[in-house]
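These notes are about the structure you will find just below.
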Amino acid sequence: MSGVIYFTRIGENYQRKNLDHMIGEKLLETALRDRYGLELSAEPRAKGSHGKPFLTRQPEIHYNISHSGKYVVCFLADQEVGIDVQEHKKVNYERMLERMVPQDMIREILDSDDPEQAFYTQWVLREAYVKWTGEGMSKDFRTIDMTQGCYMLLDLEPGYSCACWSAGEMELCMQNVEMELPDVLS
């Protein structure tokens, strides 16, 4: 099984302008054209019971999109997938961990050599998991069975964490896309 992760860095002039969703759609459009010769505008989509989108006429093609900070990522594969990227920001880790991981993991994360990295690793893993299963935020993150499926942690740059999840092991490649947006948006 194989998958490809298309990613882009949002230019300074587009950051914090709420264009992340549109850029994610442009990445999906690029990915579908590159990998399958399909035009996104000609592909009807629907949403699963918890809101996960899918291509209705292409059930063999699966995708998932995430964005945070200056990154937008789009995971395209031949099986259900989930991906999450997070920019590291200072937050109340202990309070958030209480709602995110089992109780016995909280102290382990807070006492690690790099609590911020450990926190964000758990965050992206758990978000990618619920995006993979299609359960979304309806799932209690503390009850996620981390032994189901396969995941990979991806390196983008310091200050960012990224993870992807799927049912089976995958050979992944990453494709950087320089995103051109109309001047009227800058």
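Values reported hereafter were calculated over all heavy atoms of this structure, with side chains retained and with hydrogens, waters and symmetry mates removed. Values in this document were obtained by computation on a predicted structure and should not be read as measured data.
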Search all heavy atoms of Phe75 against all heavy atoms of Gly3 and return the closest pair with its distance. CE1-CA, 4.2 Å

In Å, rounded to the nearest 0.5 Å, how long is the span from CG of Leu125 to CH2 of Trp132? 12.5 Å

Residues that Glu157 engages under side-chain hydrogen bond (donor to acceptor under 3.5 Å, both in side chains), provided they are two or more places apart: Lys70, Tyr71

List the residues meeting salt bridge (Lys or Arg N to Asp or Glu O under 4.0 Å) with Lys90, not counting sequence neighbours, and say none if there are none. Glu116

Please enumerate all residues that pass salt bridge (Lys or Arg N to Asp or Glu O under 4.0 Å) together with Arg57, with sequence neighbours excluded. Glu43

Does Thr147 have any side chain to side chain contact (heavy atoms under 4.5 Å, CB included) partners at least two apart in sequence or in another chain, and if so, which? Asp145

Is the closest side-chain heavy-atom distance between Val177 and Asp34 below 4.5 Å? no

Would a 4.5 Å heavy-atom cut-off, applied to side chains only, mark Val91 and Phe119 as touching? yes

Validation row: Met179, Leu27 side chains within 4.5 angstrom (heavy atoms): yes

What pairs with Tyr151 under ring-ring contact (aromatic ring centres under 6.0 Å, His included), at least two apart in sequence or on another chain? Trp165

If you measure from OG on Ser166 to CE on Met152, what distance do you get to the nearest 0.5 Å? 9.5 Å

List the steps and the verdict of side-chain contact (heavy atoms from CB on, under 4.5 Å) for Asn176 and Arg9. CA-CA 8 Å; Asn176 184 17; Arg9 290 171 196 84; 3.4 Å; yes

Search all heavy atoms of Glu87 against all heavy atoms of Gly69 and return the closest pair with its distance. OE1-CA, 3.3 Å

Residue pair Met146 / Arg126, side-chain heavy-atom distance below 4.5 Å: yes

Qualifying ring pair (Phe, Tyr, Trp, His ring centres under 6.0 Å) pairs with a residue from residues 32-70, counting only residues at least two apart or across chains: none

Gap between atom CG of Leu97 and atom CD1 of Ile106 - 0.5 Å precision: 6.0 Å

Go through the steps for Asn64 and Glu80 under the test side-chain contact (heavy atoms from CB on, under 4.5 Å), then give the verdict. CA-CA 9 Å; Asn64 199 237; Glu80 287 289 350; over 6 Å; no

Atom of Ala128, atom of Ala163 and distance for their closest heavy-atom approach: CB-O, 3.6 Å

More than 12 foreign heavy atoms under 6.0 Å from CD of Glu60: is that the case here? yes

Taking every heavy atom of Arg35 against every heavy atom of Ser2, the minimum-distance pair comes out as NH2-OG, 4.2 Å

Taking the side chain as every heavy atom from C-beta outward, state whether Arg45 and Leu28 have any pair of such atoms under 4.5 Å apart. yes

With no hydrogens and no angle check, is any side-chain donor or acceptor of Lys131 less than 3.5 Å from a backbone partner on Ile65? yes

Apply the test side-chain contact (heavy atoms from CB on, under 4.5 Å) to residues Thr30 and Thr8: give CA-CA distance (whole Å), side-chain angles for both, the deciding distance (0.1 Å), then the verdict. CA-CA 11 Å; Thr30 299; Thr8 192; over 6 Å; no

From CE (Met105) to CD (Gln122), nearest 0.5 Å: 3.5 Å

So how far is it from Glu29 CD to Cys74 SG, rounded to the nearest 0.5 Å? 11.0 Å

Applying side-chain hydrogen bond (donor to acceptor under 3.5 Å, both in side chains) to Gln117 and not counting sequence neighbours gives Thr121, Ser161

Output all residues satisfying side chain to side chain contact (heavy atoms under 4.5 Å, CB included) with Gln86, sequence neighbours left out; order by chain, then residue number. Ser68, Asp84, Tyr120, Trp123, Val124

Looking at CG of Asp20 and CD of Glu25, how far apart are the two atoms once the value is rounded to the nearest 0.5 Å? 12.5 Å

With Asp111, which residues qualify under salt bridge (Lys or Arg N to Asp or Glu O under 4.0 Å), at least two apart? Arg107

Contacts of Asp155 meeting side chain to side chain contact (heavy atoms under 4.5 Å, CB included) (sequence neighbours excluded), chain-then-number -> none

With sequence neighbours excluded, residues passing side chain to side chain contact (heavy atoms under 4.5 Å, CB included) with Glu135: Tyr129, Thr133, Ser138, Lys139

Which residues share a salt bridge (Lys or Arg N to Asp or Glu O under 4.0 Å) with Asp140, sequence neighbours left out: Arg142

Closer than 3.5 angstrom, by distance alone: can the side chain of Thr56 be matched with the main-chain N or O of Ala46 as a donor-acceptor pair? no

Exactly one of Val85, Val81, Val73, Ile5 clears side-chain contact (heavy atoms from CB on, under 4.5 Å) with Cys164, and that residue is Ile5

Run the numbers on Ile10 and Ile23 for side-chain contact (heavy atoms from CB on, under 4.5 Å), then give the verdict. CA-CA 8 Å; Ile10 301 171; Ile23 294 169; 3.9 Å; yes

